[in-house]
Protein chains: 2
Amino acid sequence: MKIGKRYTQARKRIFTAIEKMDKPVSAQEIYDYIKQNYEEVDLASIYRNLELMNKSDAVNVILFGEGKKRYELKNKKGHHHHLFCEGCGDIKDIKMKEENLINNVKDSQGFVIKKHNLEFFGLCPNCQ
Amino acid sequence: MKIGKRYTQARKRIFTAIEKMDKPVSAQEIYDYIKQNYEEVDLASIYRNLELMNKSDAVNVILFGEGKKRYELKNKKGHHHHLFCEGCGDIKDIKMKEENLINNVKDSQGFVIKKHNLEFFGLCPNCQ
DNA sequence: TGACATATTGCGAATTATTCGCAATAATGT
DNA sequence: ACATTATTGCGAATAATTCGCAATATGTCA
Ligand SMILES: [Mn+2]
Ligand SMILES: [Mn+2]
Ligand SMILES: [Zn+2]
Ligand SMILES: [Zn+2]
């Protein structure tokens, strides 16, 4: 939850928005959500804070190839991945044991693994 | 290799470029590569063809969160994943057994898995 | 081989996501 | 309350990707 140095209104609103929406959300979705609550935070500020939250490890960046980034709070639910429905864009959390996977990569290529993202693409029940 | 209905100059050039560069490349990189060969294909046409190649399963879209998409030919090398160096942007192919992973996801959530992308982030030898 | 039908290209403009510069403002320590 | 300065709002700037449309190239068939 360490974002910047000051606990501002914008940060409270952004954090609360992501928490309440409870799924990987885009900057624009955060903006819209806040507005629904008759409050407002400039889009540029939302981007700046998401950047900070990412650097301070408060959020994960999730990519589905939509041409934009999505963000999700890191705490609460542990490490997990997602199912993205190519039909409707619905997103589902999935958990799985993956120690083997990770170990297979450690040290290979001489890389130091900082993190990894695993995304699955398919069709949800409604879209099949 | 089935892209569109006609085997055009643009398609030959784009395909060859991706093949020769032999790594996940962006639309702009394809454009630049073709230009080096004293030939040219409009960027819009490159985007249109990458879209087609993706739909016809000739290329994979690979995302590293750089704010743009990368494409890689599907044939030749089998299914594999990548290591992306956050320091220099270097990309390495990696292979691994993952039958377990996939099986864990099949049927869960009632989703039909179409494909998945697994990306690792870290630092390559030069950047550590 | 040459003309036709139309898939595809080039080009410029439009979109969308994200970033920047900077002056105004709000958060924190004294 | 005051000063310091991190942060915001705003408008403009970028960067990636998409569109509309007239010009062109490709595959087909007479
Ligand atoms: Mn999630
Ligand atoms: Mn590869
Ligand atoms: Zn769906
Ligand atoms: Zn590197």
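Residue numbers start from 1 in every chain, and the chains themselves are labelled A, B, ... in the order their sequence lines are given, proteins ahead of strands.
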Shortest non-hydrogen separation from His80(B) to Gly78(B) and the atoms involved: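 That closest heavy-atom pairing would be ND1-O, 2.8 Å.
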- prompt: Looking at five pairs on each end of the helix from dT1(C)-dA30(D) to dT30(C)-dA1(D), what is the angle between the two axes, given to 10 degrees?
  reply: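 Computed angle between terminal axes is 40°.
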Between [X] ([atom1]) and [N] ([atom2]), how many Å, whole number?
X        : N       : atom1 : atom2 : result
Leu52(B) : dT8(C)  : CG    : P     : 7 Å
Glu66(A) : dA16(D) : CD    : P     : 19 Å
Arg11(B) : dT8(C)  : CZ    : C1'   : 6 Å
Leu50(A) : dT8(D)  : CG    : C1'   : 15 Å
Lys69(A) : dA15(D) : NZ    : C1'   : 12 Å
Ile14(B) : dT8(C)  : CD1   : P     : 12 Å
Asn49(B) : dT26(D) : CG    : P     : 13 Å
Glu40(B) : dC11(C) : CD    : C1'   : 11 Å

With [X] via side chain to side chain donor-acceptor pair (under 3.5 Å) - residues at least two apart:
X        : result
Ser45(A) : Arg48(A)
Lys76(A) : none
Glu39(B) : Arg13(B)
Tyr31(B) : Lys35(B), Glu40(B)

Solution key, residues 14-25 of chain A side-chain donor-acceptor pairs under 3.5 Å, sequence neighbours excluded:
{"from": "Thr16(A)", "atom 1": "OG1", "to": "Lys12(A)", "atom 2": "O", "distance (Å)": "2.8"}
{"from": "Asp22(A)", "atom 1": "OD1", "to": "Lys77(A)", "atom 2": "NZ", "distance (Å)": "3.2"}

Using a cutoff of under 3.5 Å, can you pull out all pairs of nitrogen or oxygen atoms linking the protein to nucleotides 20-24 of chain C, with atom names and distances?
{"from": "dG21(C)", "atom 1": "O6", "to": "Arg48(A)", "atom 2": "NH1", "distance (Å)": "3.3"}

query: In residues 23-37 of chain B, what residues come within less than 4.0 Å of DNA chain D, judged by heavy atoms?
result: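 Nucleic-acid contacts, sorted: none.
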Of all pairs that satisfy salt bridge (Lys or Arg N to Asp or Glu O under 4.0 Å), the ones with a partner from residues 24-34 of chain B, not counting sequence neighbours: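 For residues 24-34 of chain B, and leaving out neighbouring residues, the salt bridge (Lys or Arg N to Asp or Glu O under 4.0 Å) pairs sorted by first residue read Glu29(B)-Arg70(B).
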Nearest listed nucleotide, side chain of Leu43(B), among dT18(C), dT17(D), dG9(D):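 Side chain of Leu43(B) sits closest to dT17(D).
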- prompt: Quick one: side chain to side chain contact (heavy atoms under 4.5 Å, CB included) partners of Asp57(B), sequence neighbours excluded?
  reply: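 Side chain to side chain contact (heavy atoms under 4.5 Å, CB included) check on Asp57(B) returns Lys74(B).
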Residue closer to the 5' end of DNA chain D, Gly67(B) versus Ala10(A) (nearest nucleotide):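 Final value for this comparison: Ala10(A).
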For nucleotides 27-30 of chain C, give me every protein contact, N/O to N/O, under 3.5 Å, one pair per line with atom names.
{"from": "dA27(C)", "atom 1": "N3", "to": "Arg6(A)", "atom 2": "NH1", "distance (Å)": "3.4"}
{"from": "dT28(C)", "atom 1": "OP1", "to": "Tyr7(A)", "atom 2": "N", "distance (Å)": "3.0"}

Phosphate contact (dT18(C) OP1 or OP2) by Tyr47(A) side-chain N/O below 4.0 Å: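 So the side chain of Tyr47(A) is within the cut-off, an N or O lying under 4.0 Å from OP1 or OP2 of dT18(C).
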query: From Tyr71(A) OH over to Asn49(A) CG, what is the distance, rounded to the nearest 0.5 angstrom?
result: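 The OH atom of Tyr71(A) sits 11.0 Å away from the CG atom of Asn49(A).
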